[in-house]
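Shown next, in structure tokens, is the structure this report addresses.
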Amino acid sequence: MSADVPEAASAEEQKEMEDKVTSPEKAEEAKLKARYPHLGQKPGGSDFLRKRLQKGQKYFDSGDYNMAKAKMKNKQLPTAAPDKTEVTGDHIPTPQDLPQRKPSLVASKLAG
Amino acid sequence: MGTYVYFFPTVGAGGGNDIQWCFSQVKGAVDDDVAEADIISTVEFNHSGELLATGDKGGRVVIFQQEQENKIQSHSRGEYNVYSTFQSHEPEFDYLKSLEIEEKINKIRWLPQKNAAQFLLSTNDKTIKLWKISERDKRPEGYNLKEEDGRYRDPTTVTTLRVPVFRPMDLMVEASPRRIFANAHTYHINSISINSDYETYLSADDLRINLWHLEITDRSFNIVDIKPANMEELTEVITAAEFHPNSCNTFVYSSSKGTIRLCDMRASALCDRHSKLFEEPEDPSNRSFFSEIISSISDVKFSHSGRYMMTRDYLSVKIWDLNMENRPVETYQVHEYLRSKLCSLYENDCIFDKFECCWNGSDSVVMTGSYNNFFRMFDRNTKRDITLEASRENNKPRTVLKPRKVCASGKRKKDEISVDSLDFNKKILHTAWHPKENIIAVATTNNLYIFQDKVN
């Protein structure tokens, strides 16, 4: 085992500690990485932006739903993960998943 | 081309005299249980300041009108009362993508008044509409063939003829959609801006900007397109866009990476190549996971003079001189104490909140919102800033608002509020400043506050 390794590690640790002291932002970053170790390197990268571009409630499509039911037969339909964060191609909303959407027929309370 | 408007500052507006802000009015429901539809999504004064429009998540527009000043009651300026309200946009479906299109009004922009009627543009994510708001205060009476209630008279019973006349009636304000500009945006519209030629306007979505003529709804010109051939290569989106107030050929657009591009439409039909690129150099050693997110510009506004522009990113407001691209001339910290809370603000999504900003009529003071229903003003001349709160607790008219202070760390003084006590659900994203007077409109989640400076 090379004697250099522990030295290099402590130099890096020292820089990290310095960063945390001088930059609250870096301290926050460390906190985030500790909680979500799999978080991608580039937050502004295409995954994040594409999610932004896709904003919009995915609605129930009876065609997709019935096609999937026909294909699946006995198997379970793929349903959304409990946290429902990602809009994936596999998920087919079921009628139960969707919140009620009604246009507002009531006047604004600002005008009241 | 374009008009040059000169603003005469009223007494107390900038120039060293500290303004004392007083509560004037509050509109909206008192209860804490906020219906989604009531969330205010945009606030805008018209060019004279007589009208104040709000848009909400339910697709509704409410317009308030300032009542004529009572010369005897000189202690306050006119109050704003409801003038008109209408449903601007309805929820729609994009059947092809099985996606719902929200009816939320993203922006309202007024046209300058040309005749008796008022016109405004309102937009949701996909469709822009031109609305005409007109007054009717007289109606014709004395028809020969019709009764007053509209029933037709038997012509054989008519023995004499009379000339119908117009008689006064109770004022009725009608809103009608005159143009619908649809199907031009694949992505979500974030901005609309009327050109100083008052004939054209631009609409911007995440990746494209289109130029429209107000009279023509079946076509628009694409003037900016930043969509990459391969969407995997997408690195930034357009966050806001605005036409220059005087130069009809010039517009700017901001990005999620903190840059602003100024484009000249005389240079080419497609303005993908900017004329100027405004970007503040960043110290690479300071870069963190959050750097790009907090540098994303949520709003860009030209000064009335057209000499400067202001940008709002997550933590600060920056003033840029159009003649200097490499850094802003002024930077104001809105809530620097949040820098040490970025981790939780990322987790609760607050880091993506889009705050707007605005100038006062003389371009001497700028204003923007924050959390806990606080809003901030920065006087560019005196370099003083103030934090005020929009709250029903300061309800009495002509009560001067008490400045607020956030305690970032250490011992909290009396009347200060600590960062951890801030309510991040109470955000002021939309504010507007009367074009001529010291009257401001501040939107909390579902209430509209109007503040005025202390007169006399």
Side-chain angles (χ1 to χ4, degrees), chain A residues 15-16 18-36 39-65 85 87 89 91-93 97-112, chain B residues 27-29 35 37-38 40 54 56-62 64 82 84-85 87 90-91 93-95 97-103 125 187-188 206-207 231-237 256-257 285-294 296 339-347 352 446-448:
Chain A
K15 173 152 196 332
E16 245 182 68
E18 270 171 23
D19 277 348
K20 280 181 202 157
V21 165
T22 56
S23 164
E25 221 175 286
K26 292 241 167 84
E28 290 294 298
E29 180 178 22
K31 231 191 273 180
L32 194 69
K33 292 228 163 102
R35 284 185 210 175
Y36 308 99
L39 203 56
Q41 278 308 315
K42 268 173 48 107
S46 49
D47 282 344
F48 165 63
L49 286 176
R50 263 185 301 162
K51 188 167 155 199
R52 177 184 173 143
L53 296 182
Q54 268 172 22
K55 159 202 142 191
Q57 187 96 324
K58 191 129 177 76
Y59 210 77
F60 176 67
D61 185 316
S62 61
D64 283 348
Y65 181 70
T85 45
V87 176
H91 169 230
I92 295 161
D97 289 344
L98 302 164
Q100 286 298 317
R101 278 292 296 127
K102 290 183 288 246
S104 45
L105 305 164
V106 195
S108 165
K109 296 202 180 99
L110 291 184
Chain B
K27 310 275 183 194
D38 291 326
I40 298 171
T54 60
D56 65 23
K57 210 162 180 216
R60 301 162 302 190
V61 170
V62 182
F64 302 92
V82 180
S84 171
T85 178
Q87 185 79 36
E90 305 252 340
F93 293 118
D94 179 339
Y95 294 103
K97 298 177 195 162
S98 290
L99 281 178
E100 177 186 75
I101 300 167
E102 262 196 304
E103 67 273 36
D125 282 341
Y187 303 100
H188 299 109
D206 291 314
L207 297 179
M231 283 297 269
E232 303 279 324
E233 292 162 24
L234 182 68
T235 55
E236 69 184 320
V237 294
S256 52
K257 277 186 156 174
S285 64
N286 276 339
R287 196 157 179 83
S288 77
F289 175 85
F290 304 110
S291 298
E292 193 173 302
I293 303 174
I294 62 173
S296 176
R339 201 179 287 270
S340 50
K341 301 286 170 197
L342 292 177
C343 180
S344 27
L345 293 169
Y346 180 87
E347 289 178 298
F352 302 108
N446 65 329
N447 284 177
L448 183 72

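Proteins come first, then strands; the chains are lettered A, B, ... in the order of their sequence lines, and each starts at number 1.
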With a 4.5 angstrom heavy-atom cut-off, which part of B:Thr85 approaches chain A: side chain, backbone, both or neither?
side chain

Can you say whether B:Leu345 sits under 4.5 Å from chain A via the side chain, the backbone, both, or neither, judging by heavy atoms?
neither

Between B:Ser84 and chain A, with a heavy-atom cut-off of 4.5 Å, which part of the residue counts as in contact: side chain, backbone, both or neither?
neither

What's the separation between atom CG in B:Asp38 and atom CG in B:Asp56, rounded to the nearest 0.5 Å?
6.5 Å

Residue selection (most heavy-atom pairs with chain A, distance under 4.5 Å) from B:Ser296, B:Ser340, B:Ser344:
B:Ser340

Gap separating the NE2 atom of B:His188 from the CD atom of B:Glu102, nearest 0.5 angstrom
8.0 Å

Salt bridge (charged side-chain N to carboxylate O under 4.0 Å, His left out) with A:Glu25: which of B:Arg339, B:Lys341, B:Arg287?
B:Arg339

Lys/Arg-Asp/Glu bridge criterion (N-O < 4.0 Å) met for A:Lys26, A:Glu29:
no

